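The structure appears below as structure tokens.
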Amino acid sequence: MGMVFGKISVETPKYTVVKSGDGYEIREYPPSVAAEITYDPSEFKDNRDGGFTVLAKYIGVFGKPENQKPEKIAMTAPVITKEGEKIAMTAPVVTKEGGGGGGEKKTVTMQFLLPEMYKKAEDAPRPTDERVIKEEGGRKYGVVTFGGTAAEGVVREKVKKLTSDLERDGFKITGEFVLARYNPPWTLPPFKTNEVMIPVE
């Protein structure tokens, strides 16, 4: 019942707040291991969150884990998504630019961090789908936290303001934003926790 009202009862990543700005934080995250997949939403009937099923199967959310042990892995929060890479429809060329017009399809990358007990990719159960496991180095982000549903327009406004605030305060942005969602879909919108995270130096 608590999840309906926004209670986060799973492991979340540890971080250090190195600066608190006007409505945002600068956080440093240590290296970690992630379950991650990059996909074209058309693979999942145009569902932008369709990759979650692949990741959830790896850790065993729907029954027997799809990893070689098989070992059930605890769910963590948040679920992180990133959009903006393009795949040309005529060839499998991947670029880092945003957009999706001009005969190109936009991909989505979805990930969640594995529990802290997995320090390296080889410590985690080997996935049956080789696309799924990845090591993340240490990261530094400008982060703004907000409630409600992470609708596209809301996220766009949060990204715009955070980008402006970071640039105003002298931070160098080093990549595209990611969206972190901490709650399952059935959490009532006023109780949801979301974050827009922009990588900085």
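Nothing here was measured: the structure is a model prediction, and the numbers come from that model.
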Identify the heavy atoms of G51 and I37 that sit nearest to each other, and give their distance.
O-CG2, 3.9 Å
For S32, what residues pass the side chain to side chain contact (heavy atoms under 4.5 Å, CB included) criterion, not counting sequence neighbours?
L113, E136, R139
Return each pair, listed once, that meets salt bridge (charged side-chain N to carboxylate O under 4.0 Å, His left out) where at least one residue sits in residues 184-198; pairs must be two or more places apart or across chains.
R27-E195
What's the spacing between K140 NZ and K172 NZ if we round to 0.5 Å?
12.5 Å
Of all heavy-atom pairs linking V155 and A150, the shortest is CG2-O, 3.7 Å
With a cut-off of 3.5 Å and sequence neighbours excluded, list every side-chain donor-acceptor pair involving residues 53-66.
residue, atom, partner, partner atom, Å
Y58, OH, P125, O, 2.5

With T193 as reference, evaluate N183, T12, T187 under the side-chain contact (heavy atoms from CB on, under 4.5 Å) test and give the passing residue.
N183
Are V132 and F44 linked, directly or through other ILVMFWY residues, by side chains that come within less than 4.5 angstrom of each other?
yes
For Y15, which fellow cluster members are found when Ile, Leu, Val, Met, Phe, Trp and Tyr are connected by side-chain heavy-atom distances below 4.5 angstrom, either directly or through intermediates?
V17, Y29, I80, Y141, V143, V178, M197
Can you name the salt bridge (charged side-chain N to carboxylate O under 4.0 Å, His left out) partners of D129, sequence neighbours left out?
R131
Please report the shortest heavy-atom distance between I133 and A124, naming the atom on each side.
CD1-CB, 4.0 Å
Around K19, counting heavy atoms of other residues, nucleotides and ligands shown, do more than 12 lie under 6.0 Å from its NZ?
yes
Is there a path of hydrophobic side-chain contacts, each under 4.5 Å between heavy atoms of I, L, V, M, F, W or Y residues, that connects V144 with F191?
no
Can you tell me which residue among P185, P190, P189 is in a side-chain contact (heavy atoms from CB on, under 4.5 Å) with T149?
P189
Run the side-chain hydrogen bond (donor to acceptor under 3.5 Å, both in side chains) test against K45 and tell me which residues pass, sequence neighbours left out.
none
Between Y182 and V154, is there a shared hydrophobic cluster once you connect ILVMFWY residues whose side-chain heavy atoms come closer than 4.5 Å?
no
Euclidean distance, K134 NZ relative to L114 CG, rounded to 0.5 Å
12.5 Å
Can you tell me how far CE of M110 sits from CZ of R181, rounded to the nearest 0.5 angstrom?
5.0 Å
So, using ring-ring contact (aromatic ring centres under 6.0 Å, His included) as the criterion, who are the partners of F146 when residues are at least two apart?
none
Taking only residues two or more places apart in sequence or in another chain, which ones pass salt bridge (charged side-chain N to carboxylate O under 4.0 Å, His left out) with E11?
none
Kindly write out the residues that satisfy salt bridge (charged side-chain N to carboxylate O under 4.0 Å, His left out) with K161, not counting sequence neighbours, or none if the list is empty.
D165
How long is the straight-line distance from CG of D169 back to OG of S164, given to the nearest 0.5 Å?
9.0 Å
Does the N194 side chain pair with the main chain of G148, one donor and one acceptor, at a distance under 3.5 Å?
yes
Taken in chain and number order and not counting sequence neighbours, the residues that satisfy side chain to side chain contact (heavy atoms under 4.5 Å, CB included) with D22 are R168
Quick one: list whatever passes salt bridge (charged side-chain N to carboxylate O under 4.0 Å, His left out) with R126, sequence neighbours left out.
E130
Separation between CD of Q68 and OG1 of T128, rounded to the nearest 0.5 Å:
7.5 Å
Least distance between heavy atoms, V108 atom then P41 atom
CG2-CG, 3.8 Å
If you look at every heavy atom in V33 and K120, which pair is closest and at what distance?
CG2-C, 3.3 Å
May I ask whether I26 and F177 are part of the same hydrophobic cluster, defined by side-chain heavy atoms of I, L, V, M, F, W, Y residues being less than 4.5 angstrom apart, directly or through others?
yes
Could you list the residues that satisfy side-chain hydrogen bond (donor to acceptor under 3.5 Å, both in side chains) with K14, not counting sequence neighbours?
E116
CD1 of I198 to OG1 of T163, rounded to nearest 0.5 Å, is 3.5 Å
Would you say E152 and E83 make side-chain contact, with heavy atoms under 4.5 Å?
no
Hey, does V200 have a side-chain heavy atom less than 4.5 Å from the side chain of L166?
yes
Atom of P13, atom of A77 and distance for their closest heavy-atom approach
CD-O, 3.1 Å
